[in-house]
Amino acid sequence: MKRRVVVTGLGAVTPIGNTVDEFWHGIKNGTVGIGEISKFDTTGYKVKLAAEIKNFDAKERMDFRSAKRMEPFSQYAVAAAKEAFDDAKLDMTSEDPFRVGVIIGSGIGSLQVAEREYSKILEKGPARVNPLMVPLMISNMAAGNVAIQLGLKGKCTSVTTACATGTHSIGDALRAIQYGDADVMLAGGTESAICPTAVAGFTNLTALTTTTDITRASIPFDKDRSGFVIGEGAGVVVLEELEHAKKRGANIYAELSGYGATCDAYHITAPVEDGSGAAKAMELAIAEAELSPAAVDYINAHGTSTHHNDLFETRAIKQVFQDLASNVIINSTKSMTGHLLGAAGGVEFIVCVKSIQEGFIHQTMGTQTPDEECDLNYAIGAPIKRDICCAISNSLGFGGHNASLLLKKYYD
């Protein structure tokens with residue numbers, strides 16, 4: 001029998017706040033974390049905007065020696081994981097460390113290390129390359145560093161499914177607990193890829209918006225949307241087997257009761273046009289939770305502000321909910337944070353948890369006039385206050401990866 005799994009800790013580093021409290025305050029106030037790129041000189045680049053982390057000092061969130069041996073994507077993961085761990089009030093002296101694990105992924109890892117060290121090869125020769133280049137760069141090091149920092153000796157893996165990474169990581173952690181591989185898992189995603197190589201690559205793929213108007217840069221479902229805004233950050237949650245959480249008196253935010261994962265098997269960047277892959281992921285999550293589509297109050301959409309994603313995700317929602325689709329409230333957190341790539345799913349999962357907790361669905365900021373074919377309720381113009389019993393978080397990644405998580409209000 002599958003074991004019930006609940007959420008007992010939250011941690012976030014985002015463009016609108018470096019803790020969950022700061023982030024949620026920004027969400028409730030409609031703060032947009034997009035601005036001019038400061039991490040490198042954008043002269044010659046068509047894209048000028050990004051959603052950067054602000055005022056983050058790794059040494060304030062971990063010891064100096066450890067921080068020096070991590071790239072930002074790992075630093076963000078460790079900071080978010082420590083916050084989630086502390087929020088859950090976990091005490092490792094009372095836990096079997098081999099029953100507490102980590103699944104934290106990154107879509108890219110550190111392109112910055114590759115850029116720096118390759119420049120050294122060209123300018124000074126291969127002998128000058130940093131001996132730590134590989135462990136600094138590879139994407140699994142976020143999970144590894146979190147485990148080392150917190151003393152977690154259970155299952156420790158890293159998922160890489162592009163923009164669906166964070167959601168798949170949480171889904172895989174759910175499975176680990178459901179079927180007895182662990183009692184507690186720290187799970188989510190992290191990313192820091194605002195650098196020349198990534199921006200040039202996404203620009204030439206025509207995925208990024210080239211507007212310089214911050215208020216109209218990330219406008220999911222809008223008829224004038226023109227591409228996503230690259231962002232960075234991390235979202236990590238503590239998932240826990242229900243009886244384990246109850247035994248130690250943990251605060252339970254919500255229950256995670258459904259997970260769906262599919263592949264479009266269609267195109268390396270474009271979603272399948274009828275939305276069938278994303279639709280099936282939602283259907284699987286709903287079915288696992290033993291609910292009907294009518295039970296879903298709210299969907300945190302992938303909602304990237306690209307033409308294809310927003311249109312095809314809308315079609316997917318219509319497939320699943322049919323005549324009920326207009327009753328479901330939909331929003332996109334990316335309207336405020338930009339697209340955090342591998343971190344997006346973790347951060348947006350936290351939004352779903354907080355929305356259930358507080359009965360608050362944030363506005364899709366910047367969006368004014370929906371596309372004619374994007375004709376659902378996208379929370380445009382103002383936030384919505386209502387009781388939420390059931391929420392879905394969607395993530396869709398290059399390569400055709402689809403993932404949906406279903407959260408519901410916890411009842412004993």
Side-chain angles (χ1 to χ4, degrees), residues 103 105-109 139-140 157-176 178-179 187-189 191 193 198 201-202 204-208 220-221 225 227-228 230 258-289 293 296 299-322 325 330 332 334 339-346 348-349 371 373-374 376 392-406:
I103 303 180
S106 173
I108 295 174
S139 58
N140 69 297
T157 62
S158 176
V159 173
T160 300
T161 50
C163 307
T165 293
T167 301
H168 277 130
S169 296
I170 294 170
D172 287 358
L174 167 71
R175 290 285 183 264
Q178 282 176 327
Y179 291 102
E191 205 79 82
F202 280 121
N204 291 350
L205 191 61
T206 67
L208 300 181
F221 307 104
R225 66 192 185 279
F228 74 79
I230 189 170
Y259 171 42
T262 66
C263 183
D264 289 341
Y266 172 72
H267 189 274
I268 57 171
T269 58
V272 64
E273 294 184 9
D274 64 1
S276 56
K280 187 64 174 178
M282 284 185 276
E283 288 171 357
L284 290 169
I286 293 168
E288 184 182 9
V296 178
I299 297 172
N300 189 296
H302 190 56
T304 59
S305 190
T306 61
H307 177 270
H308 283 3
N309 175 89
D310 297 357
L311 174 58
F312 303 158
E313 189 174 8
T314 296
R315 290 176 181 171
I317 292 168
K318 289 180 177 180
Q319 277 188 53
V320 176
F321 294 90
Q322 300 185 28
I330 303 159
S332 173
K334 294 178 181 70
H339 191 350
L340 308 187
L341 307 178
E348 290 157 15
F349 182 88
D371 188 301
E373 293 187 75
C374 295
L376 299 177
I392 286 177
S393 181
N394 284 337
S395 292
L396 319 175
F398 282 177
H401 306 291
N402 307 302
S404 295
L405 294 166
L406 186 146

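No hydrogens, no waters, no symmetry mates; every other heavy atom, side chains included, goes into these values.
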State, yes or no, whether a side-chain contact exists between [X] and [Y] at a heavy-atom distance under 4.5 Å.
X	Y	answer
Val272	Phe312	no
Glu288	Tyr259	yes
Asn309	Phe221	no

Ignoring hydrogens, what is the shortest heavy-atom contact between [X] and [Y]? Give both atom names and the distance.
X	Y	answer
Ile108	Ser139	C-CB, 4.5 Å
Ser276	Gln319	N-NE2, 3.6 Å
Ala187	Ser169	CB-O, 3.9 Å

side-chain contact (heavy atoms from CB on, under 4.5 Å) partner of Met282, chosen from Val296, Ile317, Leu406: Ile317
Validation: residues 395-405 side-chain donor-acceptor distances under 3.5 Å, sequence neighbours left out:
| residue | atom | partner | partner atom | Å |
| --- | --- | --- | --- | --- |
| Ser395 | OG | Thr167 | OG1 | 2.6 |
| Asn402 | ND2 | Thr262 | OG1 | 3.1 |
| Asn402 | ND2 | Asp264 | OD1 | 2.9 |
| Asn402 | ND2 | Gly400 | O | 3.4 |
| Ser404 | OG | Asn394 | OD1 | 2.7 |

Separation of Ile330 CD1 from Ile299 CD1 (nearest 0.5 Å): 5.0 Å
Residue of the set Thr306, Asp371, Thr304 for which side-chain hydrogen bond (donor to acceptor under 3.5 Å, both in side chains) holds with Arg225: Asp371
[Y] backbone acceptor or donor facing [X] side chain under 3.5 Å:
X	Y	value
Asn140	Ser158	no
Glu313	Gly303	yes
Asn300	Ser393	no
Lys334	His302	yes

Verdict with reasoning, Phe202 to Leu341, per side chain to side chain contact (heavy atoms under 4.5 Å, CB included): CA-CA 12 Å; Phe202 280 121; Leu341 307 178; 4.2 Å; yes
Residues Glu191 and Ser106: side-chain donor-acceptor under 3.5 angstrom: yes
Under the side-chain hydrogen bond (donor to acceptor under 3.5 Å, both in side chains) test, residues paired with Lys318 that sit two or more places apart: Asp375
Test side-chain hydrogen bond (donor to acceptor under 3.5 Å, both in side chains) applied to Thr269 - qualifying residues, sequence neighbours left out: His267
Worked check of side chain to side chain contact (heavy atoms under 4.5 Å, CB included) between Cys163 and His339: CA-CA 8 Å; Cys163 307; His339 191 350; 3.2 Å; yes
Check against side chain to side chain contact (heavy atoms under 4.5 Å, CB included), Thr157 and Asp172: CA-CA 10 Å; Thr157 62; Asp172 287 358; 6.0 Å; no
Residue pair Asp274, Arg315: steps toward the salt bridge (Lys or Arg N to Asp or Glu O under 4.0 Å) verdict: CA-CA 6 Å; Asp274 64 1; Arg315 290 176 181 171; over 6 Å; no
